[in-house]
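Note that ligands are numbered from 1 as they come in the structure, with each ligand's atoms numbered from 1 the same way. It should be emphasised that the depicted structure is a prediction, and the values quoted were computed from it without experimental measurement.
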Amino acid sequence: MMRLDKFLVETHKATRSEAKQMAKKGLITLNGETVRKTDIKIDENTDIIAVNQEVINYKQFEYYMLNKPSGVVSATRDNIDKTVIDLISSPNKDLFPVGRLDKDTEGLLLITDDGNLAHELLSPKKHVDKKYYAKIEGIVTEETVNAFEKGVTIDGDYITKPAKLEIINSSDISEVLVTIREGKFHQIKKMFLSQNMKVLYLKRLSMKNLILDSNLKSGCYRELTKEEIIDLKN
Ligand code: URA
């Protein structure tokens with residue numbers, strides 16, 4: 001048995017105060033009946049709790065933020081290379097990386113066993129922003145900014161969706177920030193190649209509202225906070 005508000009916090013549906021507001025609005029049901037208070041006791045194993053008519057499963061998922069180093073692959077298993085899952089100490093067998101970063105790309109990678117959340121974040125229809133820092137061989141100009149905004153051709157005939165390019169500094173080796181909303185294979189490298197420029201270094205800084213923790217050293221990871229999980233799901 002546990003309190004309803006604790007159940008909603010632990011299943012990452014709401015903070016305690018949000019849960020209270022949701023109950024006041026009549027959005028929460030217990031075995032089909034609307035409940036207006038969240039300090040009541042429920043049985044997390046047998047009661048059916050729904051928020052906005054979505055039944056909440058009590059299974060506890062795991063969520064980690066990894067600062068991926070270069071040289072490891074974004075897979076669960078690999079015969080040759082070390083994988084991102086190998087960096088997690090005693091990983092549960094269902095953990096997987098949400099999306100892929102190239103072997104030589106660094107930075108934010110979400111690792112979880114929550115398939116629904118992964119699907120939400122990766123679905124092309126959801127247009128989740130992914131922001132990268134990159135070092136580029138070549139002088140990046142407004143022309144490239146405009147080309148990325150309009151869309152460039154990669155893979156022969158695919159026109160990329162509007163992407164945001166911000167120039168930090170531009171010289172023989174330029175530094176930029178790029179935000180894309182899709183995730184084609186080698187997308188950013190191919191986008192620069194289409195402009196005759198080469199990506200020398202690439203690091204993901206954020207995905208949706210999840211920002212890489214600047215205290216996280218390369219190759220290290222930490223659990224997401226409850227707030228980060230709730231924000232990612234919203
Ligand atoms: N774009 C790339 O080219 N590589 C990555 O790893 C991510 C985005």
Side-chain angles (χ1 to χ4, degrees), residues 64-78 80-88 95-112 117-140 144-145 147-168 170 173-214 216-221 232:
Y64 302 105
M65 167 192 294
L66 169 72
N67 184 358
K68 180 191 171 300
S70 174
V72 299
V73 293
S74 299
T76 47
R77 260 190 303 271
D78 193 278
I80 302 160
D81 290 308
K82 191 166 177 173
T83 75
V84 289
I85 302 299
D86 294 331
L87 296 171
I88 310 287
L95 286 178
F96 60 89
V98 177
R100 278 163 194 271
L101 292 178
D102 295 338
K103 187 172 167 184
D104 61 351
T105 300
E106 301 183 8
L108 176 68
L109 192 61
L110 176 64
I111 295 187
T112 185
L117 178 64
H119 179 75
E120 291 285 311
L121 292 172
L122 296 176
S123 164
K125 289 192 202 108
K126 304 281 172 172
H127 307 297
V128 168
D129 276 353
K130 281 148 291 198
K131 186 173 187 175
Y132 295 82
Y133 164 85
K135 282 190 187 151
I136 309 296
E137 190 177 76
I139 299 170
V140 181
T144 324
V145 173
F148 279 22
E149 173 58 35
K150 263 180 46 200
V152 298
T153 306
I154 61 170
D155 297 336
D157 59 356
Y158 180 76
I159 300 172
T160 56
K161 301 256 158 25
K164 186 171 157 194
L165 175 60
E166 298 161 84
I167 302 171
I168 302 171
S170 183
I173 292 177
S174 302
E175 286 178 284
V176 298
L177 296 172
V178 193
T179 307
I180 56 174
R181 297 190 149 181
E182 45 190 349
K184 303 272 174 223
F185 186 57
H186 294 332
Q187 176 152 350
I188 292 180
K189 290 173 185 165
K190 287 176 181 168
M191 287 171 73
F192 279 100
L193 269 183
S194 79
Q195 308 298 301
N196 299 314
M197 282 179 257
K198 191 175 166 202
V199 173
L200 301 175
Y201 174 84
L202 190 60
K203 178 177 185 175
R204 182 151 68 190
L205 304 177
S206 66
M207 182 177 199
K208 196 174 171 185
N209 41 22
L210 185 66
I211 299 168
L212 180 65
D213 189 330
S214 56
L216 216 49
K217 296 209 174 74
S218 181
C220 294
Y221 66 95
L232 258 188

key: atom 4 (N) of ligand 1 - nearest protein heavy atom and its distance   =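 Atom 4 (N) of ligand 1 sits closest to the protein heavy atom Asp102 OD2, 2.7 Å.
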query = Got the closest protein heavy atom to atom 1 (N) of ligand 1, with its distance?
reply =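 Ranked first by proximity to atom 1 (N) of ligand 1 is Ile188 N, 3.1 Å.
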Between Glu182 and Tyr158: side-chain donor-acceptor atoms closer than 3.5 Å =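 Glu182 vs Tyr158: donor-acceptor pair found between side chains.
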task = Give a yes/no on ligand 1: does Tyr132 have at least one heavy atom closer than 4.0 angstrom to it?
result =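 Yes, Tyr132 has heavy atoms under 4.0 Å from ligand 1.
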Is the side chain of [X] donor-acceptor paired with the backbone N or O of [Y] at a distance under 3.5 Å, no angle test?
X      : Y      : value
Lys190 : Phe185 : yes
Ser194 : Ile154 : no
Lys189 : Leu193 : no

inquiry  = With a 6.0 Å cut-off on the ring centroids, do Phe192 and Phe148 count as close?
reply    =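 Ring-ring flag for Phe192/Phe148: true, centres closer than 6.0 Å.
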request  = Indicate yes or no: does an N/O atom of Ile180 lie under 3.5 Å from an N/O atom of ligand 1?
outcome  =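 There is no such contact.
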inquiry  = Looking only at distances, can you tell me whether any N or O atom of Arg100, backbone or side chain, sits closer than 3.5 Å to an N or O atom of ligand 1?
reply    =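 It does not: no N or O of Arg100 is found under 3.5 Å from an N or O of ligand 1.
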key: Leu202, portion touching ligand 1 at heavy-atom distance under 4.0 Å   =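 Answer for Leu202: side chain.
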Atom pair CD1 (Ile180) and OG1 (Thr160), whose distance is rounded to the nearest 0.5 Å =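 Going from CD1 on Ile180 over to OG1 on Thr160, the span is 9.0 Å.
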Atom indices of ligand 1, in the order listed, that fall short of 4.0 Å to a heavy atom of Thr105 =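 Reading through ligand 1 atom by atom, the close ones are 4 (N), 5 (C), 6 (O).
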